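Quick notes on the structure that follows.
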Amino acid sequence: MNLKKQLDTEFERTLTALGHTDAPAVVKQASKAEFGHYQVNGIMGAAKKARTNPRELAEKVVEQVQQGDLSNILTMEIAGPGFINLSLNQAFLSAELETMIGDDRLGVATSQPEKILIDYSSPNLAKEMHIGHLRSTAIGDAAVRLLEFLGHDVVRANHVGDWGAQFGSLLAYMDKLDAEGAQLATELKDLEIFYQSASALFKSDEAFAATAREFVVKLQSGDEKCLDLWSRFIEESIKHCQAIYDLLDISLTPGDVKAESAYNNMLEGTLSELDEKGLITISEGARCVFLDEFVGKDGDPIPAIVQKSDGGYPYMATDIAAAKYRGQDLKVNQALYFVDGRQALHLNQLYAIARKAGYITEEQNFVHVPFGTILNKEGRPFKTRDGGAVKLADVAEEAINRALTLIGDKNPDLTNDEKQNIARIVGIGAIKYAELSKNRTTDYIFDWDTMLSFEGNTAPYLQYAYTRIKSIFRRADVDPANLKQAIMLNQTAEVSLALKLLQYPETLESVTEDYQANILCNYLFELSQLFMSFYESCPVLKATDEIRDSRLRLCDLSARTLRHGLGLLGIQTVEQM
RNA sequence: GCGCCCGUAGCUCAACUGGAUAGAGCAUCGGCCUUCUAAGCCGAGGGUUGAAGGUUCGAGUCCUUCCGGGCGCGCCA
């Protein structure tokens with residue numbers, strides 16, 4: 001049950017009935033506790049349109065609503081220039097909680113199912129995954145989990161970079177090591193070092209550089225030995241990525257990888273089709289697509305190069321082929337690209353070309369979901385070349401170690417296995433939450449200590465709230481399913497907690513509008529804060545039977561909601577910490 | 001030069017897309033562990049929302065100009 005939507009619908013209907021068509025009711029959660037639970041903001045706008053007095057209109061609306069179904073669950077109060085403040089009464093809240101408790105989906109309805117492809121993570125296999133990959137990976141995975149929960153058919157698309165000039169030196173280096181009798185499997189253990197060694201050799205050794213360039217040509221022309229080396233490298237690199245995904249609880253599997261090279265055999269055919277449709281122009285020896293929407297200064301058209309003058313295919317060609325595959329073969333309803341905001345022009349060109357070519361229909365929604373660039377503490381861009389890269393694996397390891405130390409202090413009685421498991425879940429939760437909770441499209445600053453913090457608005461805070469509840473149930477030794485006591489909301493802490501719990505469905509709906517995971521993070525943090533206040537001010541086990549059971553049920557629903565919400569974020573909970 | 005994104009407390013970020021006195025966390029200061037886990041709770045200080053205009057009942061949010069930052073603009077991905 002989506003409370004906000006229900007109220008909004010009712011007030012919108014009332015406005016319409018009073019002759020105010022096309023006037024949104026704009027029901028929102030109250031901005032302050034003193035205003036009640038919800039507020040209607042749309043009266044002023046409607047009055048303005050109709051040139052009437054807003055407070056008089058508010059009175060009419062209130063009068064009308066009082067005659068309807070909501071009158072016995074709602075207290076209304078007109079305030080300020082024409083707000084209507086709404087408070088839900090406790091019997092209603094308590095009944096709604098009952099419904100929510102009885103629902104495995106916690107009151108969240110399923111959506112009209114669509115086939116939605118999510119392009120995310122998509123690391124370049126020539127490098128080890130670094131901190132910069134966390135955004136796309138964590139946010140994309142949260143979107144995947146949310147959309148699947150809502151009932152959609154989600155296609156995870158890990159569009160890894162496994163092709164192109166950068167592999168020349170890697171293959172040449174592999175070949176060199178192989179010739180020298182080194183164990184390639186061992187050498188590939190640390191990909192970052194491997195890449196750096198190859199890159200260093202490329203810069204310092206002319207002969208090696210020449211060989212590397214030859215390897216690029218050989219690779220593209222399908223040289224067998226070269227392809228063999230290449231596939232060994234790719235296989236190893238994907239294994240590294242998968243290990244990171246598993247460690248981070250990312251739901252991607254090897255089966256979700258569809259690499260750039262998978263589109264190689266589509267490239268020429270796709271470009272021919274573009275040519276047949278008159279979209280291709282040869283400019284300075286390169287095949288380009290010029291579109292009217294993309295012009296620079298003085299109306300100069302900005303090209304999208306789909307084939308370089310040397311015959312090579314840039315990633316635009318691959319991306320067009322992939323868009324065609326996604327649009328025509330997979331027939332997706334939506335494709336969401338969780339990609340760095342700097343690629344905005346590229347992706348907009350891509351979508352425009354794919355539409356012009358008929359690869360994407362009007363009904364198919366291809367969207368760039370952008371995010372900002374990582375900056376260092378000085379606000380300068382994070383450079384990956386000059387040793388500034390922070391490996392994702394290192395961040396994870398550090399987080400787990402810090403969590404382990406802390407658990408040793410706080411809870412020394414746990415077994416080693418328990419500590420290890422908890423440390424992983426808490427540590428990983430902390431770094432994922434750090435990304436997810438500031439899901440802005442702006443650039444953001446990577447700070448090791450902020451990311452690894454376990455205090456305040458962090459995943460461990462939410463996980464801790466969960467363990468406190470679990471601890472109560474261990475002591476009470478009751479099965480929440482057996483509790484039948486109607487929920488009583490006598491303390492303000494109980495009412496606030498109850499209302500927040502009931503707002504879970506509308507929170508998920510607003511996350512879906514723009515895939516902003518931070519909205520869910522904020523909700524879960526506020527829920528935890530309200531629970532913590534409740535925990536401090538409303539004793540559970542010491543209360544008399546009725547109140548005790550009522551509070552136990554509030555506790556249980558809080559735990560379920562926290563666990564569920566964290567689950568959608570890809571963050572696990574633990575029983576103790 | 002053209003285009004996109006952005007500027008909110010000392011720091012990191014919110015503000016549900018035009019609503020009421022701009023909120024959290026960290027840091028600082030003061031309280032709270034013989035009572036369900038103190039990774040916690042309660043309280044205090046901290047703001048000309050980069051600047052100036054404009055639109056209107058009402059602007060952090062919309063429009064204009066300026067200042068400052070990041071990024072993108074023909075053969076890297």
Side-chain angles (χ1 to χ4, degrees), chain A residues 4 26 28-29 31-32 34-35 39 41-42 44-45 47-48 54 79-83 85 124 126 161 163-166 260 283-288 294-298 300 302-310 312 314-316 318-319 340-346 348 370 372-373 375 379-381 403 406-407 409-411 426 434 437-438 440-445 447 449-450 453-458 460-461 463-465 467-476 506-507 510 513-514 516 518-519 521-523 525-526 529 532-533 535-537 539-543 551 555 576-577:
Chain A
K4 188 166 90 169
V26 198
K28 303 201 167 168
Q29 291 174 14
S31 57
K32 284 175 190 280
E34 63 194 87
F35 297 152
Q39 58 187 59
N41 290 345
M44 282 92 77
K48 187 190 219 168
F83 297 100
N85 292 332
N124 189 326
W163 203 251
Q166 59 203 311
E260 289 182 337
S283 172
E284 297 173 33
R287 292 165 98 184
C288 301
F294 303 99
V295 290
K297 56 171 177 176
D298 306 329
D300 286 355
I302 296 174
I305 295 175
V306 294
Q307 188 174 25
K308 299 187 285 181
S309 53
D310 67 0
Y315 77 137
M316 179 59 90
T318 311
D319 282 356
D340 191 310
R342 286 174 294 186
Q343 307 247 19
L345 176 61
H346 167 76
N348 287 331
T373 312
L375 306 178
R380 308 298 307 168
L406 195 53
I407 293 162
D409 290 349
K410 302 272 183 192
N411 218 338
V426 170
S437 62
K438 40 183 137 168
R440 308 187 52 190
T441 55
T442 48
D443 297 343
Y444 67 107
I445 292 171
D447 176 35
D449 289 325
T450 306
S453 168
F454 297 155
E455 287 174 7
N457 187 359
T458 62
Y461 178 89
Q463 290 164 325
Y464 180 59
T467 62
R468 285 181 132 183
I469 300 172
K470 286 295 158 177
S471 177
I472 289 175
F473 276 98
R474 273 195 300 277
R475 284 170 183 272
E506 67 199 47
T507 302
S510 54
E513 282 167 15
D514 210 12
Q516 304 239 52
N518 70 312
I519 293 175
C521 292
N522 285 344
Y523 169 82
F525 178 60
E526 285 164 8
Q529 277 183 315
M532 293 286 197
S533 294
Y535 180 92
E536 300 283 341
S537 66
V540 177
L541 299 178
K542 293 240 156 77
R551 287 180 179 168
C555 283
Q576 320 177 50
M577 62 188 272

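First the proteins, then the strands, lettered A, B, ... as listed; each starts at 1. It should be emphasised that the depicted structure is a prediction, and the values quoted were computed from it without experimental measurement.
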Is the shortest heavy-atom distance from the side chain of A:Ile519 to the side chain of A:Glu513 under 4.5 Å? no
What does A:Ile469 touch in the nucleic acid at a heavy-atom separation under 4.0 angstrom: a base, only the sugar-phosphate, or nothing? nothing
Please pick, from B:rG74, B:rA77, B:rG58, the nucleotide with the shortest atom-to-atom distance to any side-chain atom of A:Lys48. B:rG58
Just to be sure I understand the rule, does A:Gln343 reach a base, reach only the sugar-phosphate, or reach nothing, if contact means heavy atoms closer than 4.0 Å? base
Nearest whole angstrom, please: distance from the P of B:rA15 to the CG of A:Asn457. 12 Å
Between A:Gln29 and A:Phe83, whichever has its closest RNA chain B nucleotide further toward 5' is A:Gln29
Separation between the P atoms of B:rG54 and B:rC11, rounded to whole Å: 30 Å
Please name the pair of heavy atoms, one in A:Ala47 and one in A:Pro54, separated by the smallest distance, quoted to 0.1 Å. CB-CA, 3.5 Å
Would you mind classifying the nucleic acid contact of A:Asn522 as base, sugar-phosphate or nothing, using non-hydrogen atoms under 4.0 angstrom? sugar-phosphate
Considering only the P atoms, how many Å lie between B:rG25 and B:rU17, rounded to the nearest integer? 24 Å
Taking the chi torsion of B:rC4, is it syn (within 90° of 0) or anti (everything else)? anti
Span that lies between the P atom of B:rU61 and that of B:rA9, in whole angstrom: 15 Å
Between P of B:rC2 and CG of A:Leu345, the distance in whole Å: 17 Å
Do the non-hydrogen side-chain atoms of A:Lys438 and A:Thr450 ever get within less than 4.5 Å of each other? yes
Set out, line by line, the N/O atom pairs under 3.5 Å between protein and nucleotides 4-8 of chain B.
| unit_1 | atom_1 | unit_2 | atom_2 | d |
| --- | --- | --- | --- | --- |
| B:rG7 | OP1 | A:Arg440 | NH2 | 3.4 |

To the nearest angstrom, how far is A:Asp514 atom CG from B:rA15 atom P? 11 Å
Is any side-chain heavy atom of A:Phe454 closer than 4.5 Å to a side-chain heavy atom of A:Met577? no
Measure CZ/A:Arg475 against P/B:rU35 and give the value in whole Å, please. 10 Å
Using the P atom in both, what is the distance from B:rC42 to B:rU55, to the nearest Å? 45 Å
Please report, rounded to the nearest Å, how far the C1' atom of B:rC16 is from the CD atom of A:Gln39. 11 Å
If I compare all heavy atoms of A:Gln29 with all of A:Lys4, which pair ends up nearest, and what's the gap? N-CD, 4.4 Å
Taking A:Asp310 for its side chain and A:Gly312 for its backbone only, find out whether a donor-acceptor pair lies under 3.5 Å. yes
Tell me, do A:Gln576 and A:Lys470 make a side-chain contact under 4.5 Å, heavy atoms counted? no
Would you classify A:Pro539 as touching base, sugar-phosphate or nothing, given that sugar-phosphate means primed atoms plus P, OP1 and OP2, and contacts are heavy atoms under 4.0 Å? base
Counting C-beta onward and ignoring hydrogens, is there a side-chain heavy-atom pair between A:Arg551 and A:Ile472 closer than 4.5 Å? no
How long is the gap from OG1 on A:Thr373 to CZ on A:Arg342, to the nearest 0.5 Å? 4.0 Å
Whole-angstrom distance between B:rG18 and B:rC13, as gauged at atom C1': 23 Å
At their closest point, which heavy atom of A:Glu260 faces which heavy atom of A:Thr318, and how far apart are they? O-CG2, 3.6 Å
Taking atom P in both B:rA27 and B:rG23, what distance in whole Å separates the two? 22 Å
Return a single string for nucleotides 40-47 of chain B, one symbol per nucleotide in 5' to 3' order, where B is base contact, S is sugar-phosphate-only contact and - is none, cutoff 4.0 angstrom on heavy atoms. SSS-----
Minimum-distance nucleotide to A:Asn411 side chain [options: B:rU37, B:rG74, B:rA77]: B:rU37
Can you figure out which of B:rU21, B:rC36, B:rG72 approaches the side chain of A:Arg342 most closely? B:rG72
Any heavy-atom pair between the side chains of A:Asn522 and A:Phe525 that's under 4.5 Å? no
Do A:Glu284 and A:Ser309 touch side chain to side chain, with heavy atoms closer than 4.5 Å? no
Figure out the CG/C1' separation between A:Leu406 and B:rU37, and round it to whole Å. 12 Å
Is the shortest side-chain heavy-atom distance between A:Arg468 and A:Ser471 below 4.5 Å? no
Nearest to the A:Arg474 side chain among B:rC75, B:rU37, B:rC57, which nucleotide is it? B:rU37
Out of B:rG74, B:rU17, B:rA20, minimum distance to the side chain of A:Asn85 belongs to B:rA20
Taking only N and O in the side chain of A:Ser471, is any of them less than 4.0 Å away from OP1 or OP2 of B:rU37? yes
Does B:rU17 sit syn or anti, given that only angles within 90° of 0 count as syn? syn
Does any donor-acceptor pair link the side chain of A:Asp319 with the base of B:rA77 at a separation under 3.5 Å? no
With rounding to the nearest 0.5 angstrom, report the NZ to CD distance, A:Lys28 to A:Glu506. 12.5 Å
Here the distance between atom P of B:rC13 and atom CZ of A:Phe525, to the nearest Å, is 16 Å
Starting at atom CD1 of A:Ile305, determine the distance to atom C1' of B:rC73, rounded to an integer number of angstrom. 12 Å
Base, sugar-phosphate or nothing for A:Ala304? Non-hydrogen atoms, less than 4.0 Å. nothing
Taking only the C1' atom of each, what is the distance from B:rU35 to B:rG40 in whole angstrom? 15 Å
Taking the same atom, C1', in B:rG7 and in B:rG47, what whole-Å distance lies between them? 15 Å
A:Lys32 side chain, from C-beta outward: closest of B:rG23, B:rA77, B:rC16: B:rG23
The residue, A:Ser309 or A:Gly80, whose nearest nucleotide of RNA chain B is more 5′ is A:Gly80
Is it the case that the base of B:rC71 and the side chain of A:Thr373 share a donor-acceptor contact (distance under 3.5 Å, atom types as modelled)? no
For RNA chain B, the dot-bracket pattern of Watson-Crick and G-U pairs whose distances stay under 3.5 Å, | for other-strand partners: (((((((..((((.....[...)))).(((((.......))))).....(((((..]....))))))))))))....
Answer with base, sugar-phosphate or nothing: what part of the nucleic acid does A:Glu526 contact at a heavy-atom distance below 4.0 Å? nothing
Once rounded to the nearest 0.5 Å, what's the spacing between atom CG of A:Asn457 and atom CD of A:Gln529? 7.5 Å
